[in-house]
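Quick note: residue numbers are just sequence positions, from 1. Values below: all heavy atoms of this structure, side chains included; hydrogens, waters and symmetry mates excluded. Quick caveat, the model's predicted, so the values are computed rather than measured.
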Amino acid sequence: MRIKRIDHIGIVLGEQETLKSIFKDVLGLKVGHEEIYRGGEGDENICFIHAGDTEVELCSSVDPSGESARSVSEKGHHIEHIAFEVEDIENAIRELKKKGIPLMQEAPIPGARGSHVVFIDTRATSNIMIELVQANPCHEPDEMSG
């Protein structure tokens, strides 16, 4: 498996505007791709903030009973995961399975921006959520600023 880079760091929030403003207005970072992600347990507001060749992903539930909302009610706002970009997610899954590393999914699932993702089971990672991402080759990346 070839890890290309840290793709993004995911932060779960009750609302995004305050932190988005800090990133944009105070730190001078550029707000990139935004979408309503429909998957998992409820729709999520997703916003990517460019920080060099890495991004910060802000996640908040559209529905107050959604997955991120439940997570925020349990833990408060928090860094949820680190995502590594891989060249070939199918190959990465095969390699991890050969090494006996448990995964949260048996096959890649759709991610934000049309990507394909898989999460490593946190029991294998000292309770740190790690996501592997294969970017959608058709997705036009937003102009990066740093």
Which value, rounded to the nearest 0.5 Å, describes the distance between [X] atom [atom1] and [Y] atom [atom2]?
{"X": "Ile6", "Y": "Asp53", "atom1": "CD1", "atom2": "CG", "answer": "9.0 Å"}
{"X": "Leu29", "Y": "Ile22", "atom1": "CG", "atom2": "CD1", "answer": "11.0 Å"}
{"X": "Ile93", "Y": "Ile101", "atom1": "CD1", "atom2": "CD1", "answer": "13.5 Å"}

Pair [X]-[Y], side-chain donor/acceptor within less than 3.5 Å:
{"X": "His81", "Y": "Glu57", "answer": "yes"}
{"X": "His50", "Y": "Glu55", "answer": "yes"}
{"X": "Asp63", "Y": "Ser65", "answer": "yes"}

Does a side-chain heavy-atom distance below 4.5 Å link [X] with [Y]?
{"X": "Val31", "Y": "Glu34", "answer": "yes"}
{"X": "Ile36", "Y": "Ile46", "answer": "no"}
{"X": "Glu44", "Y": "Glu67", "answer": "yes"}
{"X": "Gln134", "Y": "Ser115", "answer": "no"}
{"X": "Phe23", "Y": "Val56", "answer": "yes"}
{"X": "Lys97", "Y": "Glu106", "answer": "yes"}
{"X": "Val118", "Y": "Glu131", "answer": "no"}
{"X": "Asp7", "Y": "Val86", "answer": "no"}

For [Y], does its backbone N or O pair with a side-chain atom of [X] as donor and acceptor, under 3.5 Å?
{"X": "Thr122", "Y": "Thr125", "result": "no"}
{"X": "Asp88", "Y": "Asn91", "result": "yes"}
{"X": "Ser71", "Y": "Ser68", "result": "no"}

Subject >> side-chain contact (heavy atoms from CB on, under 4.5 Å) assessment of Arg113 paired with Asn136 >> reply: CA-CA 7 Å; Arg113 300 180 288 191; Asn136 177 354; over 6 Å; no
Work out which heavy atom in [X] is nearest to a heavy atom in [Y]; give both atom names and the distance.
{"X": "Ala69", "Y": "Pro64", "result": "CB-O, 3.1 Å"}
{"X": "Cys47", "Y": "Gln16", "result": "CB-OE1, 3.4 Å"}
{"X": "His116", "Y": "Pro108", "result": "CB-CB, 4.0 Å"}
{"X": "Ser61", "Y": "Gly66", "result": "OG-C, 3.4 Å"}

Original post:
Is the Phe48 ring parallel, tilted or perpendicular to the His33 ring (thresholds 30°, 60°)?
Top reply: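 Because their plane-to-plane angle lies in the 30° to 60° range, the rings of Phe48 and His33 count as tilted.
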Subject >> Hydrophobic cluster of Val117, others only, ordered by chain and residue number, side-chain cut-off 4.5 Å >> reply: Met104, Ile109, Phe119, Met129, Val133
Original post:
NE2 of His77: more than 12 outside heavy atoms within 6.0 angstrom?
Top reply: yes
**OP:** Might you confirm whether atom CD1 of Ile79 has over 12 heavy atoms from other residues, nucleotides or ligands at distances under 6.0 Å?
**Re:** no
Original post:
Arg2 pairs by salt bridge (Lys or Arg N to Asp or Glu O under 4.0 Å) with which of Glu87, Glu95, Glu85?
Top reply: Glu87
Does [X] share a hydrophobic cluster with [Y], counting links as ILVMFWY side-chain heavy atoms below 4.5 Å and allowing steps through other members?
{"X": "Ile130", "Y": "Ile3", "answer": "yes"}
{"X": "Ile11", "Y": "Val72", "answer": "no"}
{"X": "Val12", "Y": "Ile9", "answer": "no"}

**OP:** Would you list the pairs meeting salt bridge (Lys or Arg N to Asp or Glu O under 4.0 Å) in which at least one residue belongs to residues 8-19, sequence neighbours left out?
**Re:** Glu17-Lys20
